[in-house]
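Inspection log for the structure reproduced underneath, given as structure tokens.
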Number of protein chains: 2
Amino acid sequence: MEIETSGALTQQCCVPRHRLTLDEIDHRLLDELQRDASRSLRVLGEKVGLSASAVQRRIDRYRSAKVLTRHVAVLDPRRTADIVLAVVLITLERESSGHHDAFRRRLLAVPEVQQAYDVAGEWDYVVLLAATGMDRHNELANHLFNDAPNVKRYTTMFVLDPLRTGTYLPTR
Amino acid sequence: MEIETSGALTQQCCVPRHRLTLDEIDHRLLDELQRDASRSLRVLGEKVGLSASAVQRRIDRYRSAKVLTRHVAVLDPRRTADIVLAVVLITLERESSGHHDAFRRRLLAVPEVQQAYDVAGEWDYVVLLAATGMDRHNELANHLFNDAPNVKRYTTMFVLDPLRTGTYLPTR
DNA sequence: TCTGAAAGTTTTCATCC
DNA sequence: GGATGAAAACTTTCAGA
């Protein structure tokens with residue numbers, strides 16, 4: 001793995017640098033971390049053929065390059081009481097881009113907006129809503145999609161079964 | 001927090017029990033764990049007003065009840081080289097449920113199927129595909145949606161900007 | 001079920017390769 | 001970049017309430 005710097009042992013500075021070049025070990029390590037980040041550095045090191053401290057140094061790099069942003073616990077929606085998941089497709093009125101900014105702010109202010117994507121095509125946004133109970137879902141949907149000023153149309157697909165959830169990204 | 005058992009100090013057995021009743025502290029702890037699970041038990045305990053070992057015992061319960069299923073590292077798709085994210089809506093031919101089983105198996109065999117939901121309404125499934133590069137995306141889309149025998153129709157929405165990603169679930 | 005303390009691990013960090 | 005080893009911090013376990 002190389003970072004975009006010149007010099008040899010210099011440049012351990014605090015400015016986060018971007019554009020990491022990943023080697024084979026980085027790919028495997030990022031894969032392991034995305035599957036199960038609860039293992040010790042020593043165990044991860046055994047998986048990829050490095051010492052614990054070498055693993056630690058690489059993880060620090062992913063963090064400072066903001067490739068790896070956080071460690072989280074994942075709950076199973078099937079085992080979480082009263083969870084209503086819904087995929088909502090939204091299109092805004094065609095107008096000033098100010099509409100889009102306002103709509104995005106409104107979306108991102110709500111923690112139950114589990115995911116939100118700006119997409120190409122007939123629809124402008126895809127939102128994954130996670131609410132506890134149908135009443136709460138309706139409250140949120142009204143606030144986000146009915147009361148918001150520039151929503152042209154939207155459609156809601158309720159999730160019957162979350163076959164797979166997660167945030168895994170391939171790195172090659 | 002209560003677990004569905006009778007008896008007092010008995011029943012530390014290995015059969016995972018379900019239906020946890022969560023108290024106020026559990027809600028706050030699950031919230032914290034979903035936001036940042038990289039903090040120590042002591043720090044988490046300070047957040048919710050418990051000792052480190054009390055926090056540990058509660059986390060063990062979430063795990064054995066399968067409410068909390070894993071700890072993972074989350075990558076930022078904006079910082080991960082060449083990631084192509086796409087939301088795909090799929091409808092299968094109306095026929096035997098065997099079609100659905102086969103289609104689900106095909107989906108879940110592919111690691112780039114980051115998320116998959118069985119949904120109500122006009123479309124049967126919503127899939128979030130995460131591929132490295134457009135070529136790989138097309139390969140996967142052909143395998144999953146063109147070559148698969150019982151796909152009636154599908155539509156692909158490419159993600160222009162992942163405004164929010166994650167797996168956060170509210171617990172109340 | 002909690003707290004607090006002892007024992008065992010892991011992480012961190014300085015140093016050398 | 002990576003390895004090593006010692007110090008600091010963390011996790012695990014258990015006695016006592």
Side-chain angles (χ1 to χ4, degrees), chain A residues 1-30 32-33 35-65 67-73 171, chain B residues 1-14 16-30 32-33 35-65 67-73:
Chain A
M1 191 187 72
E2 314 275 352
I3 294 190
E4 290 206 320
T5 55
S6 53
L9 290 166
T10 45
Q11 287 266 11
Q12 280 281 20
C13 114
C14 47
V15 179
R17 263 165 282 65
H18 317 308
R19 269 183 279 193
L20 287 179
T21 306
L22 304 176
D23 67 14
E24 183 56 30
I25 292 180
D26 290 312
H27 290 298
R28 286 199 280 147
L29 188 49
L30 285 167
E32 295 291 342
L33 288 167
R35 293 183 203 288
D36 179 3
S38 70
R39 292 166 292 180
S40 70
L41 298 171
R42 188 182 56 76
V43 170
L44 290 167
E46 279 165 16
K47 286 264 171 201
V48 302
L50 287 179
S51 69
S53 60
V55 170
Q56 187 188 39
R57 183 132 31 102
R58 285 183 186 240
I59 292 175
D60 287 345
R61 296 233 173 82
Y62 310 149
R63 282 194 177 283
S64 66
V67 169
L68 196 163
T69 49
R70 52 213 184 101
H71 280 220
V72 298
T171 61
Chain B
M1 191 189 70
E2 313 276 352
I3 294 190
E4 290 207 321
T5 55
S6 53
L9 290 166
T10 45
Q11 289 265 12
Q12 279 282 22
C13 114
C14 47
R17 261 162 286 65
H18 317 308
R19 269 183 280 193
L20 286 180
T21 306
L22 304 175
D23 68 14
E24 183 55 30
I25 292 179
D26 290 311
H27 289 298
R28 285 198 282 148
L29 188 49
L30 285 167
E32 294 291 343
L33 288 167
R35 292 184 203 288
D36 179 3
S38 69
R39 292 167 293 180
S40 69
L41 298 172
R42 187 182 57 77
V43 169
L44 290 167
E46 279 165 16
K47 286 265 172 201
V48 302
L50 286 179
S51 68
S53 54
V55 169
Q56 185 190 39
R57 185 135 29 93
R58 286 184 186 239
I59 293 175
D60 286 346
R61 295 234 172 81
Y62 309 148
R63 282 195 178 284
S64 65
V67 169
L68 197 164
T69 48
R70 53 214 183 100
H71 280 221
V72 299

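Since we're looking at a predicted model, the values are computed, not measured. So that the names make sense, note that chain A is the first sequence line, chain B the second, and so on, each numbered from 1.
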_Value in whole Å for how far the C1' atom of C/dT1 lies from CZ of B/Arg61_ = 8 Å

*How long is the line joining NE2 of B/His71 and P of C/dT10, in whole Å?*
16 Å

*asked:* Let's see if you get this right: which residues in residues 38-53 of chain B place a heavy atom under 4.0 Å from DNA chain D?
replied: B/Ser40, B/Leu41, B/Arg42, B/Ser53

Holding to side-chain contact (heavy atoms from CB on, under 4.5 Å), I want the full list of residues that pass it with [X], two or more places apart in sequence or in another chain.
| X | answer |
| --- | --- |
| A/Ser53 | A/Ser51 |
| A/Asp36 | A/Ser38, A/Arg39 |
| A/Gln56 | A/Leu41, A/Asp60 |
| B/Glu24 | B/Arg28, B/Arg172 |

*Any B/Arg57 side-chain nitrogen or oxygen under 4.0 Å from OP1 or OP2 of C/dT1*: no

*Ignoring backbone atoms, establish whether B/Gln56 has a side-chain N or O less than 4.0 Å from OP1 or OP2 of D/dT12.*
yes

*Using side-chain hydrogen bond (donor to acceptor under 3.5 Å, both in side chains) as the criterion, list what pairs up with A/Thr69, not counting sequence neighbours.*
none

*Hey, does B/Val72 have a side-chain heavy atom less than 4.5 Å from the side chain of A/Arg35?*
no

